[in-house]
2 protein chains.
Amino acid sequence: MNILEKITNELETFSKSERKVAEVILSSPNTVIHSSIAALAKQANISEPTVNRFCRRLDTKGYPDFKLHLAQSLANGTPYVNRHVDENDTAEEYTSKIFESTMANLELARKSLDPTSINRSVDVLTQANKLSFFGLGASAIVARDAQNKFFRFNVPVICFDDILMQRMSAINSRQGDVVVVISHTGRTKSLVEVATLAKENDATVIGITTKDTPLAKECSIVLSVDVSEDTDLYMPMASRIAQLALIDVLATGFTLRRGSKFRDNLKKVKDSLRSSRFDRKD
Amino acid sequence: MNILEKITNELETFSKSERKVAEVILSSPNTVIHSSIAALAKQANISEPTVNRFCRRLDTKGYPDFKLHLAQSLANGTPYVNRHVDENDTAEEYTSKIFESTMANLELARKSLDPTSINRSVDVLTQANKLSFFGLGASAIVARDAQNKFFRFNVPVICFDDILMQRMSAINSRQGDVVVVISHTGRTKSLVEVATLAKENDATVIGITTKDTPLAKECSIVLSVDVSEDTDLYMPMASRIAQLALIDVLATGFTLRRGSKFRDNLKKVKDSLRSSRFDRKD
DNA sequence: CAGAAAAATGAAATTTTATTTCATAATTAT
DNA sequence: ATAATTATGAAATAAAATTTCATTTTTCTG
């Protein structure tokens, strides 16, 4: 864990002198990494051994080791943390914040994914007779993106963002078909019903959703993507991006499973677009 | 600059003994940051002063300072690097690689974005009479996502992924309208034409594309998103995710510009979905 | 609220670590 | 081949960090 956050968190548990050190460190960490223990002690008006004890309390080997941790926190501490956009942020500030929280959430999502489930999903997808991707709202976009990827594999792919079409399609599914249902909340009634219908008709249902939700319960395989959605703006942001990254993972797994000959085919699909584009000069 | 890269770059200019140190450091930097100068000297089979001179050669104050730099390089250097998927990767490996390159590319994209252009785009978007988002293929998904976000702002938003509809819509545009054209390559003929048509009809054209492309030349404002797309799989991956993050940035800029009262309205839009969902138990 | 027990703190001593000095070895240029 | 230059390491010195231990402060108990 980031040592600066750790200091902040444990501030309450420190003794009076330790708190003095903590305050000096928090107020100008960049100075501290270039100070000796003597300089820091003087700055905080306490003795050198106190600084040393402070370092050990934070589970470091001593002062030099502490400085190392601090240096690392400063190097990547600020980025990739969920920072909230503020009313008075400049364009540069909110741009950075949004990109950084997106990255932080991708990191979170990656950690929450279970490789076994991914592997099983890829198994199932490669052997499917027909693939269907269903989502609504922001997840409809993810479903479309999945269609855009998987149709290149020369497999029948269906994608609907209309609940009636989804239902009819689910009812028409059969053994060997795979239905991927995408919903961040996992609570959208009509999508949960679609999952149930598909399952009742013997399709394999993969859910891209949060674990322990009504939707998750209806799925054969759950790919749970945890993100801490910033609800300040009441719009899905991180969740759909993490879902898209997961689609990339599934598509990649698919191509790897199919082997190298198969990949030549993908190149053909891409090359087919060439005439629709302006040439590059370089 | 990252000190590990610096060592690699200057490897040629080092003396025989210095190179020995460099090799030890490069082969296991994580061990080095926890070693004393004596331990490192022994490991490299050279003397302590040589290590010290090596450190100073790299513009650090001495060995401890060098370790600090090294620690910082390790903190933000290794992760989020574009690593390529390998034929024999396990599910866990390719999942990590894809998430990490996505993150690395978001970082790249963030750096390439120009805050001034973002600011101007937000200006233009908040003052628009009508917004249109056009894209094809993977970018069509980004356009749809933008529609999904901006329609919540109670502004007329159009989105087409049909080239004829796009053309007709562009021809019908007028001063005060904003047309956002999305294309990673910036070379898709029909989209460049749409941009030209919109411009000829006095709409403000914002291009989400790569700089110095035919599309970029037709735009009033260019939001250039640089990513190093992994072409191994012949599918758009990082580019569309970076574009989506940019849509988030624009939408956020929009809400910030409109002020806090406006945000209550967004909450209402979100709340309107409540009845379509299963309740949470917690 | 006294006074004992526990915890926190710092002065000084010690140890560890890093740096400088300087003599010697290796390399390069002439 | 040999002088000049550069690189290197042993030993000495300096700096920094840690330990020890006595003293102070705080907290608990009757």
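Per chain, numbering begins at 1; letters A, B, ... match sequence-line order.
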note = With sequence neighbours left out, the residues meeting side-chain contact (heavy atoms from CB on, under 4.5 Å) with B:A109 are A:F99, B:V225, B:V227, B:A242
key: Non-neighbouring partners of A:S35 that pass side-chain contact (heavy atoms from CB on, under 4.5 Å), sequence neighbours left out   = A:T31, A:A39, A:Y63
key: ring-ring contact (aromatic ring centres under 6.0 Å, His included) partners of residues 13-36 of chain B, not counting sequence neighbours, each pair once   = B:F14-B:F54
task = Would you give a per-nucleotide map of nucleotides 11-16 of chain C, 5' to 3', where B means the base has a protein non-hydrogen atom under 4.0 Å away, S means only the sugar-phosphate does, and - means neither?
result = B-----
request  = Using heavy atoms and a sub-4.0 Å distance, could you list which residues of residues 13-45 of chain B are near DNA chain D? By number, please.
outcome  = B:S15, B:K16, B:S17
Is a donor on one side and an acceptor on the other found under 3.5 Å between the side chain of [X] and the backbone of [Y]?
X: B:T60; Y: B:C55; result: yes
X: B:N105; Y: B:S101; result: yes
X: B:S112; Y: B:D226; result: yes

Measure the distance from [atom1] on [X] to [atom2] on [N] and round it to the nearest whole Å.
X: B:I46; N: C:dA25; atom1: CD1; atom2: C1'; result: 16 Å
X: A:F54; N: D:dT18; atom1: CZ; atom2: P; result: 14 Å
X: B:F66; N: C:dT19; atom1: CZ; atom2: P; result: 12 Å

ask   = Heavy-atom contacts under 4.0 Å between residues 58-65 of chain A and DNA chain C, which residues?
value = none
message = Between A:E23 and A:K20 (salt bridge meaning N to carboxylate O under 4.0 Å), is one present in this structure?
response = no
ask   = Are B:R240 and A:D248 ion-paired here, with the side-chain N under 4.0 Å from a carboxylate O?
value = yes
message = By nearest atom, which of the nucleotides D:dT8, D:dA17, C:dA18 is closest to the B:T50 side chain?
response = D:dT8
message = Is there a side-chain contact between B:R257 and B:D123 in this structure, where contact means two heavy atoms from C-beta onward sitting under 4.5 Å apart?
response = yes
Of A:T50, A:V24, A:I46, the residue whose pairing with A:L40 passes side chain to side chain contact (heavy atoms under 4.5 Å, CB included) = A:V24
